Amino acid sequence: MTATTTNLPSLYEPSATEAKWQKFWEDNQVYKADPNRDGESYCIVIPPPNVTGSLHMGHAFDNSLIDTLVRYHRMCGRNALYLPGTDHASIAVHTILEKQLAAEGKTRYELGREKFLERAKQWKTQSGGTIVNQLRRLGVSTDWSRERFTLDNGLSKAVLYAFNSLYNEGLIYRGKYLVNWCPASQSAVSDVEVESKEVDGNLWHFRYPLSDGSGYVEVATTRPETMLGDTGVAVNPSDERYKHLIGKTLMLPIMNREIPIIADELVDPTFGTGCVKVTPAHDANDFEMGKRHNLPFINIMNKDGSLNENAGEFQGQDRFVARKNVVARLEADGVLVKVEDYKHSVPYSDRGKVPVEPLLSTQWFVKIRPMADRCLEFLEKENSPHFVPERWTKVYRDWLVKLKDWCISRQLWWGHQIPAWYAVSETGGEIADNTPFVVASSDAEAREKLVAQFGENVQIERDPDVLDTWFSSGLWPFSTLGWPEETADLKTYYPNSVLVTGFDIIFFWVARMTMMAGHFTGQMPFKDVYIHGLVLDEKGKKMSKTANNGIDPLILMDKYGTDALRYTLIKEVAGAGQDIRLEYDRKKNESSSVEASRNFANKLWNAARFVMINLDGQTPQQLGVPEATELSDQWILSRFNQVVQQSHIYMDRYGLGETAKALYEFIWGDFCDWYIELVKSRLQNKADAASRKAAQQTLAYVLEGILKLLSPFMPHITEEIWHTLTQQGADSKQSLSCQRYPEADTKLVNPELESQFELLIGTIRTIRNLRAEADVKPGAKVTTNLQTDSDRERQILTSGQSYIKDLAKVENLTIAEGQKSPAKSSNWRKILAIIFSLFLVRIAFAISNAMGSIPIVGNFFEIVGFLYATWFISRNLISAQSRQKVWAQVSQITSAEPTPESKEPQTTPEKVIAGVVGTVQVLIPLDGVVDIAALRAKLEKSLSKVENEAQSLTGRLNNPKFVDKAPAEVVQGVRDALAEAEKQREILRARLQTLS
């Protein structure tokens, strides 16, 4: 259903409007992509949110940026595809379902894999659409007919193909290595699923005695329970303190196990005592040292976080209970030296919410180096992908260089089950580290392979683990387009145009996608990577579940409208990659930032209503191209085309925030505040018909252009206004978002005219400000004198005097050359005459000197010269009256004050308020316009009030008890209030000075 009225309702209702157009877009498949359509392809695949998720501010920000880009490029004529989808989120789904089962007194193992997966699919059907529906509310222009899910049949086929291919090429292997283990979910977790937290812990110091009884070494640890698995102590080979101990052995307390002292460059001799306990099965660095020095790997921990049989008397105890008991035993044995308070970083499982444990475990791994090197080659030779901002290229490169083999197996059931089958009949019916296996594409293929090796009676079991979700996400840019099949979508829309993502996952997701793409498709998955910053809270802090400082975008969308939130998030971006801060009042659930964008939407709505009321029911197409014969029409068309030009430049360089700001200033300032006001008088029925039509044409043309420019940023309100403006019928399936984005007509861009209007607008604004300062009544008209020495400025002001008189409510307007003081001018003439006279005397003396060399003639000229000099001095310098006149004339060069001898009558100066714009002086006589005495009294009263307030606030800030004890935000609030009071005080004093 589309807008059918010839004008808009008086109030803009975002919720109803947004729901209507979201339904319209989807019902009419407005954004359905067609690989056979003309135009250069433009494709972005959505960074898939977890199927368990709800829309948070990060989603809103990321998808607002993406949608704005896609909408812009679609309107520029490109064949655009914005492909939606969700990630199956293995760990998150497990967490939800296992909590449900626990409430029922069950476990997933009691339920069984098959029934657990049925329950997971049922949950996904019932609750998994939440995030998708919320994205719909955001108004994203996705092709919902192509929506993908990382566990759908097509993507499962792609994952199966990728795993088999990598395994057959020797790039996937199974081995026993150290992994991040989450005891809560009892699964390995990736680095991205680990969050480091600063905790107040302890550093325990204890002694390990030398086996020969000659002494001991002191070690320190934050995890004393792990000492039960120690198989060595390491020192730096260059550390003189311990060189004599290298090669000796120690007796491990409690376990009474002899362990060696080894030398390794990894040890930092300045940390602690310089001696480091080595637990190869429970620390990443120790794992590497253990391999280098052939130390035993002793695992002391079960998968649930309890200690196993290798922990001796502490078997069965939870790791944190065992920690206390181990410390107590060490203290009882006399080897505990000291316990220090120690603040350090502890890795937590993002899903399990417990500290992860480095655990030695048999897992599946991807051999990273060949794939990472391929990506480095693309980067070095082709700068592919291109990062925006450029600084992230180095971060990406460094990460590729440092990457280690990737653990891809997870001990979960919901996900892509690893396509490996074991001949368990060869190892007692269970999967063990040495159980023979095959990798295949199906059960049938696996059976065929295993039967060929072990006979018909072989007992087969599939690997119970699933793949890391990042494995399927790594294939996302091309698997969603049909890979490994050669589809039309893949041919048209791959590689993707750009990946839009936050910097916090550049290492995990971006690198995995480029490695997978480089290997499987021979090219990078996207041309550009646009890295955006974070949305920070009102205090400038990162939003997180831990800090509980998130801002719910749905609340802001309900309160201010979706377009207002979208526009705020984009407009706040000061530059690519920069964080943005969102103002938010948590008590009221209000945001001044989003409210400002809501006000902008209302401004546009009201301006559009005014325009349509004055078009006599005609559309922009019916009115035709503007015939701009008047200055104001030419000016707004120049400004419009200038903004169109800027928008293309900004958008093509990912300057979305800069574009949004430029549009805001043009629409609110140039169009609404100035042009509409300038043409109001021309829209009256009594106005000249040709002028009225030109104004209508220009208003309609620019308004439609504005709607097109703003559509990618605020799609709902612009769609509603456009359908009404262009009078689309009820059955119309046309959408503003598919119209052509404006192209600049450079012939209409007139920088000189824009400069002239800057002066006119500045003059009008100055007159308005002066009226406000002098408390001139809004309806009263004033006399205004504009003075400037510039011929150009006088010409501009003269040509625009009708605008000045109309918008500034000026009755009598005088535009003149800057006035000069008559007294000063006269004085200058007199002084110049005196100087000239002296100059003539000097010439006379020179002539007389020359004539002096001639007999008789010389004597005659000496007499004449002497007589003239005597007369001149007597006439101009000797008499007191003459001296006074000369010095008075000189003094008046720098002062307009009349001399005591001035005979001109004195008059009481007229009260005038003055301002300056450029080199134009603006003068408004106040006599007869305002009650000067009353105004002065009012200002004095306000000044007194402000000064008292400033004094009170200063007193509070000078009170040490208040400053030291009051909350920081309260003290800052007082400082801000004082600054505002001082500012108001200066303004009031200046206004009083004007009246003095």
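From a predicted model like this one, the values you see are computed outputs, not experimental measurements. All values below come from the heavy atoms of this structure, side chains included, with hydrogens, waters and symmetry mates left out.
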Would you mind writing out the side-chain donor-acceptor pairs for residues 178-189 within the sub-3.5 Å range, not counting sequence neighbours?
unit_1	atom_1	unit_2	atom_2	d
Asn180	ND2	Asp191	OD1	3.0
Trp181	NE1	Lys303	O	2.7
Ser187	OG	Gln411	N	3.0

List, one per line, each side-chain donor-acceptor pair under 3.5 Å for residues 88-99, sequence neighbours excluded.
unit_1	atom_1	unit_2	atom_2	d
His88	ND1	Thr150	OG1	2.6
His88	NE2	Ser90	OG	3.3
Ser90	OG	Trp414	O	2.6
His94	ND1	Glu98	OE2	3.4
His94	NE2	Trp413	N	2.9
His94	NE2	Trp414	N	3.1
Thr95	OG1	Ile91	O	2.9

Tabulate below the donor-acceptor pairs under 3.5 Å that side-chain atoms of residues 447-457 make, not counting sequence neighbours, or state none.
unit_1	atom_1	unit_2	atom_2	d
Lys449	NZ	Val439	O	3.0
Lys449	NZ	Glu445	OE2	3.3

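Taking the side chain as every heavy atom from C-beta outward, Leu151 and His416 approach each other to under 4.5 Å. Trp123 places a side-chain heavy atom less than 4.5 Å from the side chain of Val51.
Under a 4.0 Å N-O distance rule, the pair Glu340/Lys338 qualifies as a salt bridge. Residues Arg329 and Asp333 are paired through a salt bridge, judged by an N-O separation under 4.0 Å between the basic side chain and the carboxylate. Taking a cutoff of 4.0 Å between a charged side-chain nitrogen and a carboxylate oxygen, Arg113 and Glu461 do not qualify as a salt bridge. The pair Lys291-Glu288 meets the salt-bridge criterion, since a charged nitrogen lies less than 4.0 angstrom from a carboxylate oxygen.
Taking every heavy atom of both residues into account, Arg108 and Phe116 meet most closely at CB-CD1, 3.6 Å. Looking at every heavy atom in both residues, Glu110 comes nearest to Gly105 through OE1-O, 4.0 Å. Nearest heavy atom pair, residue Trp476 against residue Thr86, reads CH2-N, 4.0 Å.
With values rounded to the nearest 0.5 angstrom, Leu295 atom CG is found 9.0 Å from Asp286 atom CG. With rounding to the nearest 0.5 Å, the separation of CG in Leu403 from CD1 in Ile368 is 5.5 Å. For the atom pair Ile300 CD1 and Leu307 CG, the distance stands at 4.5 Å (nearest 0.5 Å).
Each of His282, Lys277, Arg323 was compared with Thr226 under the side chain to side chain donor-acceptor pair (under 3.5 Å) criterion, and only Lys277 meets it.
Side-chain atoms of Asp304 and Ser306 form a donor-acceptor pair, as typed in the model, at a separation below 3.5 Å. Counting only N and O atoms by type, the side chains of Asp230 and Thr279 include a donor and acceptor under 3.5 Å apart.
With hydrogens and angles ignored, the 3.5 Å screen pairs a side-chain donor or acceptor of Asn236 with a backbone N or O of Val267. At distances below 3.5 Å, not a single donor-acceptor pair connects side-chain atoms of Ser473 with backbone N or O atoms of Trp470. Although no hydrogens or angles enter the test, the distance criterion places no donor-acceptor pair under 3.5 Å between the side chain of Asp405 and the main chain of Lys367. Although no hydrogens or angles enter the test, the distance criterion places a donor-acceptor pair under 3.5 Å between the side chain of Thr273 and the main chain of Cys275.
Applying the side-chain hydrogen bond (donor to acceptor under 3.5 Å, both in side chains) definition to pairs two or more places apart or across chains, those involving residues 251-264 are Ser211-Glu258, Thr249-Glu258, Asp264-Arg292, Asp264-His293. A salt bridge (Lys or Arg N to Asp or Glu O under 4.0 Å) check over residues 152-179, counting only residues at least two apart or in different chains, returns the pairs Arg148-Asp152, Lys157-Glu485, Lys176-Asp433. Identified under the salt bridge (Lys or Arg N to Asp or Glu O under 4.0 Å) test for residues 463-472, with sequence neighbours left out: Arg410-Asp468.
A perpendicular orientation is assigned to the rings of Tyr177 and Tyr173, their planes being inclined by more than 60° (bins at 30° and 60°). Aromatic ring orientation, Tyr422 versus Phe437: tilted (interplanar angle from 30° to 60°). Classification of the Trp406-Phe471 ring pair by plane angle, with boundaries at 30° and 60°, yields tilted.
Heavy-atom contacts from other residues, nucleotides or ligands closer than 6.0 Å to NZ of Lys121 number 12 or fewer.
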